[in-house]
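Working notes, structure below.
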Amino acid sequence: MKIARVVVDVPAMQTDRPFDYLIPDQWKDVIVPGIRVIVPFGPRKVQGFVIEVTSASEVSKLKKISELFDLTPALTDELLELGKWLTEKTLCFQISAFQAMLPAAMKAKYEKRICLTRSSGEMSPELAALFENNQDLSWKDAEAHNLFAALQKEIKKGTLEVVYQVSQKGKQKKVRYLTPAADFETLKRTAEEMPAQAGRQKAVLDYIIASQKSEISISDLKARVNASDSSIKSLVQKGILAEKWMEIYRDPFEHRTFKQTKNMALTNEQQTAIAPILDSIEAGRHEVFMMYGVTGSGKTEVYLQAIDRVMKEGKEAIVLVPEISLTPQMVDRFKGRFGSKVAVLHSGLSTGEKYDEWRKIQRKEVQLAVGARSAIFAPFENLGIIVIDEEHESSYKQEENPKYHARDVAIRRAESYRCPVVLGSATPSLESFARAIKGVYHLLPLRERVNSRALPEVNIVDMREELRKGNRSMFSSDLFEQLQLRLDRKEQTVLFLNRRGFSAFVMCRDCGYVIQCPNCDISMTYHRQGNKLKCHYCAHEAPMPSVCPECSSEHIRFFGTGTQKVEEELAKVLPEARVIRMDVDTTSRKGAHERLLGQFGDGKADILLGTQMIAKGLDFPNVTLVGVLAADTMLHLPDFRAAEKTFQLLTQVSGRAGRHELSGEVVIQSYTPDHYSIQLAKDHHFDGFYEREMMERKQHAYPPFYYLAVVNVSHPDLLKTSSVMENIAQFLIQNLDPHTKVLGPVASPIPRIKNRYRYQCMIKYKRDEKLIPLLKKVMDRYQQEMARDELAISIDLNPTTLM
DNA sequence: AGCACGCCGACT
DNA sequence: GTCGGCGTGCTC
């Protein structure tokens, strides 16, 4: 008998390996790698993925696979292989890797039930009544009615038993439809021979004959010829029509039409950029392109035409976009060009809708998947290109297990399919741009805007100056004037408030001095407890000063503001302005995001006020002013990427102004206007920023000069947490390569979450073969404590955030 | 993760 | 003497 190696759906260290099962003869040809099965595991039943079929096992007493869960593999061979790779690269469980590649609807659902056995003998009267009409009882009901004692006796007697049911969370949506059971000639004859009193049945047949359709939906029949259930039923019973089931898709775009677009003529620059991509497609060569183009330089058109070529060759494409920019505008462009060949996968869809879009890919009914991070796992089998738009976006990194970066997965998949990856951004991540400069990636610059429109003029307002002038409001006089001007001219404004950076950094309102750690050049975090400052990178501490160490001003304090406050303030100073506020609160309901943007696009408001989510992708012709209320907030986060993120954000936001006929202006308010990330964003000078930031990174041994790994430990007990972390750090220091730097342990930037204390330590390395095995060893060593005690250890290789 | 098995304290 | 507490170890 053949044997299947199965990875079971039990995410634990001790079960993170394949278990062998016998394949029953009737399934010997059906069960192939990638198929999900249900297997007995100890006393229960669990779902598992078949990863291999062999003929021998080291285990002698094998159990049989109890059920088949798929008829076609849920994961292709390539995705199984990719899962293995993910496991190694991110140190996650195999099962977690597999599950990450499938839509949430395909996760297994477990239910425990109590069933009658065949040898049902006498039962106690109260239970007998319960099982009078039911074959079984759910475990939850039994629990709720406190029946366990009585049930246990019956189980001992053998009249009842416990069964484990495994099903899938999401279901395919199916509809009943009718099909003629005979050819149309026979149908015609039957219709004529219909008895007179069967008028409705005759009408149904006449309609079917007239329409010449072989598949008739029941709702259609009911609407068109007023058919009733009984007349349909009798036609089916007579064998004239047959009933069938058909899978239908929940269509998230049902009520939307997309304007068909064609390839546009490319500018010279675009042509120069696309040529090497097309070469690579044609040659079947894997290559990574870094398409570095200013906002409005027409990156999307290049993607579209490259994808068009791929699809003409009968291959498939994946386009990743950041979660938040999956606004209708982006979907429109792809749907408009490729119509029904597109599947869209993003968080705005329901679980069922996502599953249906995924099914379209699996069934090869579409050739293009557009979506957020997880769309990188689209189950295509003949990929011709992968595009990652806004490559620098942090949402491409998953923060939960498996902690993968979509860019790495994209490159890995593209290697297997020998196809190109196109990374696009106006503000590439330092890592990617450095690789492009080194020649690892192929750099494709787009320096001109398609409409030759100049980039908007950016004014930086020094908020310290405003304060000196006696303006204590959150709007500088410059911004206020500009706002007033747009109202008069009936033009629109986007106001951006960066709420990230809520963590209290300490800054002097007079000179803009921000207190930084002497060892790390990272801003220190204010701690209410003890009124002191801490660095979360090296654990350095300092007392909270009462006067600014730089200028001795007393106006030194910590910072933070919200959109609601801004809205109130706006209502006070510009009562006639109509404001739409977009933040987590106003966009939490489904479709709210799109609706608000639609309203703004229709000119129903003068000002769009929002957080991160309005930073990208928006393109409204009437917007001529963009205001950034506080450019600094992010700059002082305890994050070595703070400057990079600030630069990216400011550049991104600035790009929202004056994209069409009207020219635009940008006002950036800042307490640190001289910081290079702000100054260089003003000049739209990425290259300058890159060089400056690379110096900083080199000096402080951060990526791209070093790789990072972070070990996080958490436990309800503070002492336990720090001592475990200390032990791990010591172990790593003693065993890692001497060139590898281990920093910490320190308390995490958020030292306690949900009553668990958190400690971390950072590892900076260039090349260290010992690292992964050592980290595995650490996990192994603490495995027991993690299972029993409340200890948790997590490892993030190449973290994007250190929170 | 679940679940059974097994070894100690407080009850009929 | 038995019921049930949760520490320990296993799941093909």
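Worth saying up front: this structure is predicted, and the values here are computed from it rather than measured.
Between A:Glu58 atom CD and C:dC12 atom C1' there is a gap of 12 Å when expressed in whole angstrom units. When the P atom of C:dT11 is taken as reference, atom OH of A:Tyr21 falls 10 Å away, rounded to whole Å. Put simply, CD on A:Gln783 is 13 Å from C1' on C:dT8, counting in whole angstrom units. Rounded to whole Å, atom P of B:dG2 lies 17 Å from atom NZ of A:Lys45. Atom-to-atom, NZ of A:Lys112 to C1' of B:dA1 comes out at 12 Å; the value is rounded to the nearest Å. Rounded to whole Å, atom C1' of C:dT11 lies 13 Å from atom OH of A:Tyr110. Computed from coordinates, the A:Ile65 CD1 to C:dC12 P distance equals 13 Å when rounded to whole Å. The distance from atom CZ of A:Phe41 to atom P of B:dC3 is 12 Å, rounded to the nearest whole Å.
Between the side chain of A:Arg44 and the base of B:dA4, no donor-acceptor pair of N or O atoms lies under 3.5 Å.
When each of A:Glu391, A:His392, A:Glu393 is tested with A:Arg407 by the rule side-chain hydrogen bond (donor to acceptor under 3.5 Å, both in side chains), just one qualifies, namely A:Glu391.
Checking B:dA1, C:dT8, C:dT11 against every side-chain atom of A:Arg788, the shortest atom distance belongs to C:dT8. Distance from the side chain of A:Gln14 is smallest for B:dA1 among the nucleotides B:dC3, B:dA1, C:dC12.
Between A:Phe98 and A:Phe49, the ring planes lie tilted relative to each other; the angle falls in the 30° to 60° range.
At B:dG2, none of the side-chain N or O atoms of A:Tyr164 fall inside 4.0 Å of OP1 or OP2 (strictly under the cut-off).
Cation-pi contact between A:Lys89 and A:Tyr404: absent, since separation from the ring centre below 6.0 Å together with deviation from the ring axis within 45° is not met. Geometric assessment of A:Lys360 against the ring of A:Tyr249 yields a positive cation-pi assignment under the 6.0 Å and 45° thresholds. The side-chain tip of A:Arg17 points at the ring of A:Phe19 from less than 6.0 angstrom away and within 45° of straight on.
Using a 4.0 Å heavy-atom cutoff across all strands shown, A:Pro18 reaches no nucleic acid atom at all. Within 4.0 Å of A:Phe93, counting heavy atoms only, lies no atom of the nucleic acid at all.
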